[in-house]
K.L.:
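Pasting in a structure now, in structure tokens, and then I'll have a few things to ask.
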Amino acid sequence: MQLNIIGAGLAGCEAALWLADRGVQVDLYEQKPTKFSPAHKSEGFAELICSNSLKAERPDSASGLLKIEMKMMGSHLLDAAETARVAAGGALAVDRDVFSTAVTEMVEKHPNITIHREEVTALDESAPVLVASGPLTEGALAQAVAALTGDHRLSFYDAVAPIVTAESLDYDKVFAASRYGRGEADYLNCPFNKEEYENFHAALIAAERAPLHDFDGDLTVYEGCMPIEVMAARGADTIRFGPLRPVGLRDPRTGHRPWAAVQLRAENTARTLYNLVGFQTNLKWGEQKRVFSMIPGLEHAEFVRYGVMHRNTFLESPKVLTKQQFLADHPNVFFAGQITGFEGYMESAASGLLAAHQILARLQGGELPPPPAATMCGALLDYITTPNKDFQPMGANMGILPRTEEINAIRDKRERYMALSQNAQDAMRAWTEEYK
Ligand SMILES: Cc1cc2nc3c(=O)[nH]c(=O)nc-3n(C[C@H](O)[C@H](O)[C@H](O)COP(=O)(O)OP(=O)(O)OC[C@H]3O[C@@H](n4cnc5c(N)ncnc54)[C@H](O)[C@@H]3O)c2cc1C
């Protein structure tokens, strides 16, 4: 059994090591040091290009649960992280160089992995191949992918509004309605009075923005989805006549039209997550939390994803990818990592593990069902393959796990999350036992 893997990042290395352990002869292609993306700086594999945090470890947190599931699936990168750990409270943070060196050594020493330090510029579909070239995939390879998916099915920029959990909203303030009663009260509305709006507007335009990197290119291309803070800076009422326009809405508490209203749109079919419509933003994450919590009803909102504006190449997975992580129309071409819409370091690595399981099954002439939706991995796979007009990458969060009435009845949030985590662990254990 043989497989080509493109990209020795988090997903590519995790997949290569897992498959090589099971006797697959892996040819791993990595363009560094011949060519570097604008964010990659070192020659090592599994380079962490920004933060050195691999996030929380508590089992009742989404990131902690993801790690438990990855261990059950046989992660090597978590072993490497353990050797590179630095103190970070309840989180797993690593020395990025020690981590990358540990992964590189594991890969280099593996007898079943052959490393090719070269840029891949074409896709050979005659046998299974795994594309794990990351969110900064560009040039000939991006063109080769776009040729298979159709140009418009490969996005190069991320302009994302924050996402909050439904259960963290204040329903004494937030009300369901569509403007002019059109549709079936599809939106939740956060109504401002004049004073609240003015305070919010002042905070929004003064808030600190994240620096743009050279490789983010010219973000002014987004006239159609301008950052909310840029629009707000154009005038006191610009956003009140834009995404926050209150027309066609009546606040049931006052019986009047609010001065302005932020609309929240369901992000998933279970309506456990909502995004802030029109709030794509480049504010620093801490500032988003501070300023957007001034929106009536969002005072205690739990942000499962903050807004970002940066270069990020990803497939329109709901349209092109199967749950087995190959292109529906090109079954030999598998994808893993951030390019599929699994967002984050550990999510990308987990996606590499999931793809590896599917590829091994394929090389043995079969196919696996994905892990159950009750697991974090299964829920993420569901998310990226469920039709979604405004598809954007998603990281692990408790909001995407399906709820039962029993779980919803648990009032304490920590206990509720622990119950979700326990369910997920049981489901993942059963899945890994069955498909060892
Ligand atoms: C600017 C930026 C900052 C980010 N910061 C964070 C963060 O702080 N925390 C977080 O959790 N997530 C972050 N992410 C998201 C994501 O977790 C990381 O990008 C993660 O590294 C993705 O893993 P991956 O394996 O999919 O891709 P990568 O880790 O990028 O690996 C892809 C590999 O493929 C190689 N490659 C690319 N093209 C070719 C080719 N044609 N031929 C051969 N090799 C090729 C690359 O050199 C690279 O080594 C960030 C993303 C971006 C774009």
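Keep in mind the model is a prediction, meaning the values are calculated, not measured. Note that ligands are numbered from 1 as they come in the structure, with each ligand's atoms numbered from 1 the same way.
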K.L.:
Below 4.0 angstrom, N of the basic side chain to O of the carboxylate: do R117 and E43 qualify?
P.N.:
no

K.L.:
By number and element, which atoms of ligand 1 are closer than 4.0 Å to a non-hydrogen atom of K32?
P.N.:
47 (O), 49 (O)

K.L.:
Where the closest heavy atom to atom 20 (C) of ligand 1 is concerned, which of T340, L10, T34, T313 has it?
P.N.:
L10

K.L.:
Under a 3.5 Å cutoff, is there a donor and acceptor pairing between the side chains of H116 and D27?
P.N.:
yes

K.L.:
Any nitrogen or oxygen of Q31 lying under 3.5 Å from a nitrogen or oxygen in ligand 1? Just yes or no.
P.N.:
yes

K.L.:
Hey, looking at atom 24 (P) of ligand 1, which of A15, S37, S348 has the closest heavy atom?
P.N.:
S348

K.L.:
May I ask you to check whether H40 has an N/O atom sitting below 3.5 Å from an N/O atom of ligand 1?
P.N.:
yes

K.L.:
Say whether E229 and T281, considering side chains only, have a donor N or O and an acceptor N or O under 3.5 Å apart.
P.N.:
yes

K.L.:
Examine the side chains of D79 and S75 and answer whether a donor and an acceptor come within less than 3.5 Å of each other.
P.N.:
no

K.L.:
What atoms of ligand 1 come within less than 4.0 Å of a heavy atom belonging to A11?
P.N.:
25 (O)

K.L.:
If the cut-off is 4.0 Å to any non-hydrogen atom of L141, which atoms of ligand 1 fall inside it?
P.N.:
40 (C), 41 (N)

K.L.:
Check the side chains of T101 and E105 for a donor-acceptor pair under 3.5 angstrom, ignoring hydrogens and angles.
P.N.:
no

K.L.:
Report the part of A132 in contact with ligand 1, treating N, CA, C, O as backbone and CB onward as side chain, heavy atoms under 4.0 Å; options are side chain, backbone, both, neither.
P.N.:
backbone

K.L.:
State, without any angle test, whether Q358 and E367 hold a side-chain donor-acceptor pair at a distance under 3.5 Å.
P.N.:
no

K.L.:
When you compare ligand 1 with V120, is there at least one nitrogen or oxygen pair between them that comes in under 3.5 angstrom?
P.N.:
yes

K.L.:
Distance alone, cut at 3.5 Å: any donor-acceptor contact between the side chains of E267 and Y383?
P.N.:
yes

K.L.:
How does A39 reach ligand 1, by side chain, by backbone, by both or by neither, if only non-hydrogen atoms under 4.0 Å count?
P.N.:
neither

K.L.:
Is the shortest distance from a heavy atom of E118 to ligand 1 less than 4.0 Å?
P.N.:
yes

K.L.:
Given the ring of W18, does R22 sit roughly above its face, with NZ or CZ under 6.0 Å from the centre of the six-membered ring and within 45° of the axis?
P.N.:
yes

K.L.:
So does R414 pair up with D412, basic N to acidic O under 4.0 Å?
P.N.:
no

K.L.:
Please confirm whether R311 comes within less than 3.5 Å of ligand 1 when only nitrogen or oxygen atoms on both sides are compared.
P.N.:
no

K.L.:
Which atoms from ligand 1 have a heavy atom of E119 less than 4.0 Å away?
P.N.:
41 (N), 42 (N)

K.L.:
Measure the CG-CZ distance between L283 and R209 for me, rounded to the nearest 0.5 Å.
P.N.:
7.0 Å

K.L.:
Looking only at the side chains, is there a donor atom on one of Q2 and N4 sitting less than 3.5 Å from an acceptor on the other?
P.N.:
yes

K.L.:
Which ligand 1 atoms, with their elements, are less than 4.0 angstrom from a heavy-atom of S51?
P.N.:
8 (O)

K.L.:
For atom 7 (C) of ligand 1, which of the options F36, Y345, F342, F45 provides the nearest non-hydrogen atom?
P.N.:
Y345

K.L.:
List every atom of ligand 1 that sits less than 4.0 Å from any heavy atom of S133, numbering the atoms from 1 in the order shown and giving each element.
P.N.:
32 (C), 34 (O), 37 (C), 38 (N)

K.L.:
Would you mind listing which atoms of ligand 1 come within a distance below 4.0 Å of any non-hydrogen atom of G337?
P.N.:
26 (O)

K.L.:
Does ligand 1 have any atom sitting under 4.0 Å from a heavy atom of I49?
P.N.:
yes

K.L.:
Check whether any N or O atom of C50, backbone or side chain, sits under 3.5 Å from an N or O atom of ligand 1, and answer yes or no.
P.N.:
no

K.L.:
For residues N332 and E125, is any side-chain donor paired with an opposing acceptor at under 3.5 Å?
P.N.:
no

